[in-house]
Amino acid sequence: PSTGNPSTGNPSTRYDCATSATNRSAATATNTDKDNNKPPTRLLVVDDDRDTVSVLALSLLKYGFLVDAFSNPQDALQEIKSNPESYSLVLSDGWMPSISGLQLAKIVKELNPNVKVLLLTGSKIRDDEVSDVSPPTNVDGVIQKPVSIGKLTDKILSLIGENKAI
């Protein structure tokens, strides 16, 4: 997978299934659920830190997810607006300059209430604290940074109701 073209000025990077584009990177997730021919789960990853986006996207791809990852939340919103049924889960940073993870979650749930939303945060907060406010915030779970990819993957799979990918 390529890491994009930093000279273009486009802060968004997209990791998806097969081809690379000029301003977006592409990587391939090739495994499907061989038992039931189910396609891989598609995730939308949003974080204003480009390095975090790259690490998350590449790591989740290795676990067999299809990943569209953006470092610009506005670009991520455009993507989900144009393809609201394409995603099983949105993984978002809780605090970004132009839009918060909570604001993003609200819009995502308005577009498709079936999409799960998992927030990454540097603040200490537990899932049971989120459940107290979850309906108003539209957040299905919170996980604290830094997080191991194994723990993150387990949380994602528990939210979308699947067994371990690998």
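Looking at F70 and V45, their side chains never come closer than 4.5 Å, going by heavy atoms from C-beta outward. With a 4.5 Å cut-off on side-chain heavy atoms, L89 and F65 do not count as touching. Residues K116 and V90 fail the side-chain proximity criterion, which asks for heavy atoms closer than 4.5 Å. Using a 4.5 Å heavy-atom threshold, the side chains of L60 and T153 count as touching. Counting heavy atoms from C-beta outward, L159 and L118 have side chains that approach closer than 4.5 Å. Taking the side chain as every heavy atom from C-beta outward, T41 and L66 never approach each other to under 4.5 Å. Contact check for Y87 versus D68: side-chain heavy atoms found under the 4.5 Å cut-off. A 4.5 Å side-chain heavy-atom check between L91 and L44 finds every atom pair outside the cut-off.
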Just do the side chain to side chain contact (heavy atoms under 4.5 Å, CB included) check on L119 and D140 with the steps written out, would you? CA-CA 8 Å; L119 290 186; D140 298 290; over 6 Å; no
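Taking all atoms of both residues into account, the shortest heavy-atom contact from S82 to P84 is C-CD, 3.6 Å. For V117 against A105, the heavy-atom pair with the smallest separation is CG1-CB, 3.6 Å. Looking at every heavy atom in both residues, Q144 comes nearest to V147 through O-CB, 3.5 Å. In terms of heavy atoms, A76 sits closest to V46 at CB-CG2, 3.5 Å.
Residues satisfying the side-chain contact (heavy atoms from CB on, under 4.5 Å) criterion with D49, sequence neighbours excluded, are D47, D51, T52.
Taking CD1 of I107 as the start and NZ of K81 as the end, the distance is 6.0 Å to the nearest 0.5 Å. Between atom NZ of residue K151 and atom CD1 of residue I156 there is a gap of 13.0 Å, rounded to the nearest 0.5 Å. Put simply, CZ on R50 and CG on N72 are 10.0 Å apart, with the number rounded to the nearest 0.5 Å. The structure places CG of N83 at 11.5 Å from CG of N112, a figure rounded to the nearest 0.5 Å.
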Quiz: residues 93-104 side-chain donor-acceptor pairs under 3.5 angstrom, not counting sequence neighbours:
| residue | atom | partner | partner atom | Å |
| --- | --- | --- | --- | --- |
| D93 | OD1 | K145 | NZ | 3.2 |
| S100 | OG | L102 | N | 3.3 |
| S100 | OG | Q103 | N | 3.0 |
| S100 | OG | Q103 | OE1 | 3.4 |
| Q103 | OE1 | S100 | N | 2.7 |

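Remark: side-chain polar atoms of K109 are paired, donor with acceptor, to backbone N or O of V115 under 3.5 angstrom.
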